2 protein chains.
Amino acid sequence: MGKRNYHHGSLENDLIQKGLQLLTNVGLEEFSLRKVAEMCGVSNAAPYRHFSSKEALITAITTQVSNEFTSALDTVVQHHKGDFKKQIIEVSKLYVSFMVEHPQHFKFIFMMDHKMPITIKDGTFTEPERYIVSMFKTLFEGFRKEQNTELGSWSMDALSVWSLVHGFTVMLVNNTIAYEGSPSDAVETMVSRLL
Amino acid sequence: MGKRNYHHGSLENDLIQKGLQLLTNVGLEEFSLRKVAEMCGVSNAAPYRHFSSKEALITAITTQVSNEFTSALDTVVQHHKGDFKKQIIEVSKLYVSFMVEHPQHFKFIFMMDHKMPITIKDGTFTEPERYIVSMFKTLFEGFRKEQNTELGSWSMDALSVWSLVHGFTVMLVNNTIAYEGSPSDAVETMVSRLL
DNA sequence: CAAATAATGTTGACACTGTAAACATAAAAG
DNA sequence: CTTTTATGTTTACAGTGTCAACATTATTTG
């Protein structure tokens, strides 16, 4: 029953699953298509029937993680619907704590170039990684309602908050700084002051 | 005269120089020791007489860039000695504009794990990349003089500014966002409001 | 239902990588 | 001048992404 007979059945899914597993365990540097193939019990060239390149698989994995994380973010957003400040703070806390807990996720997500960057300033954006868009949406809409100003003004505030949260996270994950204490608390303090 | 006779003369320097060149041109992904060796007109194993691994060479290159950039930062710091706010703003502007102009530098610098992270909260730090320490120093000392408070309080402010500047830079360099306008101006606006 | 076709896996190869051991040459030290 | 040390070269190995030729199974079609 464990034996596979030539056809795997659901290789595409399994590649993503096992790929994420490998990425989480060994990181981006040590990640290799051949290892993933072996984990799936399949030959080295098999993945190419489902993904055109190593990068394509990583992109698929990224999307997977992205979706899961985005729904977690959305849950928080919905839960603090009335209170904009609280909403931002909780989203920020979730963001940093999630990434600190899953540093490998964060790395392989942000180490890849995004072909379609968000365009700020007019408030519209195409789709890069979903949680970024998700967080930006929350920020932009929140600031618009809160401050009731026109375009170009609130975008700077949203950008400030997002830069701060993201920047702090980057440094923690990359070991640029070692913060002694709860990153979640730190971000709460910083964002609170900023708002 | 262009001909080399067995010994290169100054391979170590040349490896760093040509390595930086390659890194700047093709980025971290395509960077390879063998290519650098060829650029130096030397065999593939030669670099190992000077660097124990590929990573060791990259570290050396990083240090090189780091030093140059740090002195540029220091110049700005000295130039605006009296005015703390101005000091921070100009350092921030230089930081973001330099990194946007040299995205590859930024990437290979920050994509590597730092073995010795800065320890904040008590204000002391070991040495990771020098420009980080340099900027942090400016921030910490500035806030201390400005606010005249004890430890633990101003560190949060310094961290906020640094997170914001760094985070904005990361997003620009990684193409997470596409800011329409001068990044330098944007950072000036954001840091000004934060201070 | 049988035959043709498409989807999926395998094998083997190629060029490239980091790295190490064995060897060669030139420079420095004695 | 001889010996030692520093530096380069050759060759090799294991691992990588990727591709072409081939094998097998699933799916569609006549």
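By convention in this document, chain letters (A, B, ...) are assigned in the order of the sequence lines, proteins followed by strands, and residues within each chain are numbered from 1. None of the values given here were measured: they were computed from a predicted structure.
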Item to check | Sequence neighbours excluded, every pair satisfying side chain to side chain donor-acceptor pair (under 3.5 Å) that has a member inside residues 14-27 of chain A | outcome: A:His8-A:Asp14, A:Asp14-A:Lys18
Item to check | Value rounded to 0.5 Å, distance of CD in B:Gln87 from OG in B:Ser92 | outcome: 10.5 Å
Checklist entry - Quick one: what's the B/S/- string for nucleotides 10-19 of chain C, heavy-atom cutoff under 4.0 Å, read 5' to 3'? => result BBBB---BBB
Checklist outcome for this item: Residues at least two apart in sequence or cross-chain that pass ring-ring contact (aromatic ring centres under 6.0 Å, His included) with B:His102, listed by chain then number, are B:Phe98, B:His105
Checklist outcome for this item: With sequence neighbours left out, the residues meeting side chain to side chain contact (heavy atoms under 4.5 Å, CB included) with B:Glu188 are B:Ile89, B:Lys93, B:Ser192
Checklist outcome for this item: Those residues at least two apart in sequence (or on a different chain) that pass side chain to side chain contact (heavy atoms under 4.5 Å, CB included) with A:Tyr48 are A:Leu33
Next on the checklist: Return the NE2 to OG1 distance between B:His80 and B:Thr75, rounded to the nearest 0.5 Å.
Outcome noted: 10.5 Å
Item to check | Test log, rule side-chain contact (heavy atoms from CB on, under 4.5 Å), inputs A:Leu28 and A:Ile58 | outcome: CA-CA 9 Å; A:Leu28 189 59; A:Ile58 294 182; 4.0 Å; yes
Checklist entry - Contact boundaries of DNA chain D with chain A (under 4.0 Å, heavy atoms), 5' to 3'? => result D:dT16 to D:dT25
